[in-house]
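Just so you know, residue 1 is the first one in the sequence shown, and it goes up from there.
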Amino acid sequence: MNLSILIPLLNEEESLKELYTWIIKVMQEHRYSYEIIFLDDGSSDKSWFIIQEFAAQNPHVKGIRFMKNFGKSQALHAGFAKAQGDVIITMDADLQDSPEEIPGLYQMITQENFDLVSGWKKKRYDSVVAKNLPSKLFNWAARKTSGVHLNDFNCGLKAYRNIVVKNIEVSGEMHRYIPVLAKNAGFGKIGEKVVQHQARKYGETKFGMERFINGFLDLITIWFLSRFGKRPMHLFGAIGSLMFIIGFLLAGYIGFSKLYHMYNNMSYSLVTNNPWFFIALTTMILGTQLFLAGFLGEIILRTKNNEERYKISNEINFS
């Protein structure tokens, strides 16, 4: 199978029929073998019933419906697990991503041997203040922190080699950082393609300004996980041990200084009257706690239970 097209959605009943017709037109023009997987993230409108109609008419259309809204990352995780195509394309359901870009993305994966190609909406039709400027700042921070040089991490239109999506773990709200996850998993050939961005035709955006705040927090998380996710003891244990040693040496110096003054009949004060004693004690306690945090992190990594992060209520056309 050439293509798996994954479409996460939430309450997009107005745009689904137009999007579906457009995708089918592109598939037929280029004679791709394909599957379209609609990922209904707990829609409360008629989106799922429309998907059922598509699936009844076309066996290449498949659907997954969550019991409630679990988030885009969880929807993509479910879709990646089911996708069978040699190339996986992800795109949003709001018609802001053009299906006409699919052949170009497919070619970059199959003929130019990219592992992942991310769309770049160079010319956008969103609000400059509410979306464009925060997005530019966010993308700049993501580039600097991750080392992945993409101009648009947030673009939902992406193409992946099948092996990539089978070897990355998308959780939380990490869908923005799939290129970073791919890089950390060992897939180094990551490209970018300028794609057409279309103004929203129906409804309103499902993401507010909070997505940028969450995005920066997720960026910190993914930086930490990429460096210390498999070895938390290397960070917490090292810092904790260093703090404990510094505190221990400082406390030892204070105690030795008092004994020296006592031995030589020199004036001295109680150790507890010295503020440096409490600084040393606090440093030792904090160092011990950090060391224990690293130790507990190692234990959790070795005993964690990979529990499913979402609940599926319905599936269509999956054998």
Side-chain angles (χ1 to χ4, degrees), residues 1-8 33-37 39 41 62 64 66 70-91 102 105-119 142-143 145-150 152-193 215 218-232 234 297-298 300-310 312 315 318-319:
M1 185 185 297
N2 299 134
L3 282 165
S4 292
I5 301 172
L6 273 53
I7 305 174
S33 57
Y34 68 94
E35 63 180 358
I36 303 173
I37 304 178
L39 306 161
D41 188 19
K62 303 175 182 180
I64 297 175
F66 286 175
F70 285 97
K72 187 175 182 179
S73 292
Q74 323 314 323
L76 289 175
H77 182 274
F80 287 160
K82 296 285 190 180
Q84 299 177 351
D86 297 329
V87 176
I88 286 82
I89 303 283
T90 60
M91 61 190 307
I102 292 175
L105 293 168
Y106 179 78
Q107 181 179 352
M108 291 182 72
I109 296 291
T110 56
Q111 297 184 22
E112 300 179 38
N113 296 317
F114 283 98
D115 295 316
L116 184 157
V117 179
S118 180
R143 284 194 299 273
T145 305
S146 68
V148 178
H149 298 289
L150 295 177
D152 191 356
F153 283 84
N154 273 322
C155 182
L157 188 58
K158 290 182 172 67
Y160 312 83
R161 196 179 299 279
N162 185 285
I163 192 174
V164 175
V165 302
K166 302 300 183 184
N167 285 278
I168 57 176
E169 187 75 12
V170 187
S171 60
E173 294 188 27
M174 295 298 182
H175 57 273
R176 303 176 183 88
Y177 303 111
I178 291 179
V180 183
L181 296 174
K183 177 192 173 186
N184 292 340
F187 300 101
K189 194 165 185 184
I190 297 173
E192 190 169 48
K193 181 181 185 299
D218 288 337
L219 188 59
I220 295 171
T221 300
I222 204 168
W223 172 83
F224 173 81
L225 291 177
S226 66
R227 297 197 61 181
F228 304 105
K230 299 295 183 184
R231 50 188 195 281
H234 287 198
E298 294 283 347
I300 291 169
L301 277 176
R302 284 159 175 73
T303 59
K304 70 175 181 177
N305 179 22
N306 289 319
E307 184 178 324
E308 203 68 53
R309 298 183 301 273
Y310 47 83
I312 295 173
E315 293 185 356
F318 289 103
S319 54

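- Among residues two or more places apart in sequence or in another chain, the ring-ring contact (aromatic ring centres under 6.0 Å, His included) test is passed with Y106 by Y32.
- Taking a 6.0 Å sphere around CD1 of I163, one finds it holds 12 or fewer heavy atoms contributed by other residues, nucleotides or ligands.
- Remark: F80 pairs with Y160 by the ring-ring contact (aromatic ring centres under 6.0 Å, His included) rule, at least two apart or across chains.
- A 4.5 Å side-chain heavy-atom check between D41 and P8 finds every atom pair outside the cut-off.
- Of the listed residues (I89, L105, I109, I36), just one forms a side-chain contact (heavy atoms from CB on, under 4.5 Å) with L3, and that residue is I89.
- Taking 4.5 Å as the limit, every side-chain heavy atom of V148 sits out of range of all side-chain heavy atoms of Y177.
- Nearest heavy-atom pair across I168 and A185 is CG2-CB, 4.2 Å.
- Here N167 pairs with nothing under the side-chain hydrogen bond (donor to acceptor under 3.5 Å, both in side chains) rule; sequence neighbours left out.
- For K193, the side-chain hydrogen bond (donor to acceptor under 3.5 Å, both in side chains) partners are E101, not counting sequence neighbours.
- For the atom pair L76 CG and I37 CD1, the distance stands at 11.0 Å (nearest 0.5 Å).
- Using modelled atom types, no side-chain atom of K158 and backbone atom of I88 make a donor-acceptor pair closer than 3.5 Å.
- Side-chain atoms of T90 come within 3.5 Å of backbone N or O of G156 as a donor-acceptor pair.
- Not counting sequence neighbours, the partners of E35 by the side-chain hydrogen bond (donor to acceptor under 3.5 Å, both in side chains) test are S4, K62.
- Side-chain N or O atoms of S118 include none that pairs as donor or acceptor with a backbone N or O of E192 at under 3.5 Å.
- The distance from the CE atom of M108 to the CG atom of L116 is 10.0 Å, given to the nearest 0.5 Å.
- Taking CD from E169 and CG from N184, the interatomic distance works out to 13.5 Å, rounded to the nearest 0.5 Å.
- By the side-chain hydrogen bond (donor to acceptor under 3.5 Å, both in side chains) test, T110 pairs with no residue at all, sequence neighbours left out.
- Partners of K82 under the salt bridge (charged side-chain N to carboxylate O under 4.0 Å, His left out) rule, at least two apart in sequence or in another chain, are E315.
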For this session: Decide side-chain contact (heavy atoms from CB on, under 4.5 Å) for M91 and I102; before the verdict, give the C-alpha distance in whole Å, the side-chain angles of both, and the deciding distance to 0.1 Å.
Result: CA-CA 10 Å; M91 61 190 307; I102 292 175; 4.3 Å; yes

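- Applying the ring-ring contact (aromatic ring centres under 6.0 Å, His included) test to F114 and every residue at least two apart in sequence or in another chain returns nothing.
- Formation of a donor-acceptor pair under 3.5 Å by the D86 side chain with backbone atoms of N2 is not found in this model.
- Residue pairs satisfying the salt bridge (charged side-chain N to carboxylate O under 4.0 Å, His left out) criterion with at least one member in residues 179-191, sequence neighbours excluded, are absent.
- With rounding to the nearest 0.5 angstrom, the CG atom of D152 is 8.5 Å from the CG atom of L150.
- To the nearest 0.5 Å, the span separating CZ on F187 from CZ on R161 amounts to 9.5 Å.
- Minimum heavy-atom separation, N162 to A83: ND2-O, 3.8 Å.
- Side-chain N or O atoms of K72 include none that pairs as donor or acceptor with a backbone N or O of R176 at under 3.5 Å.
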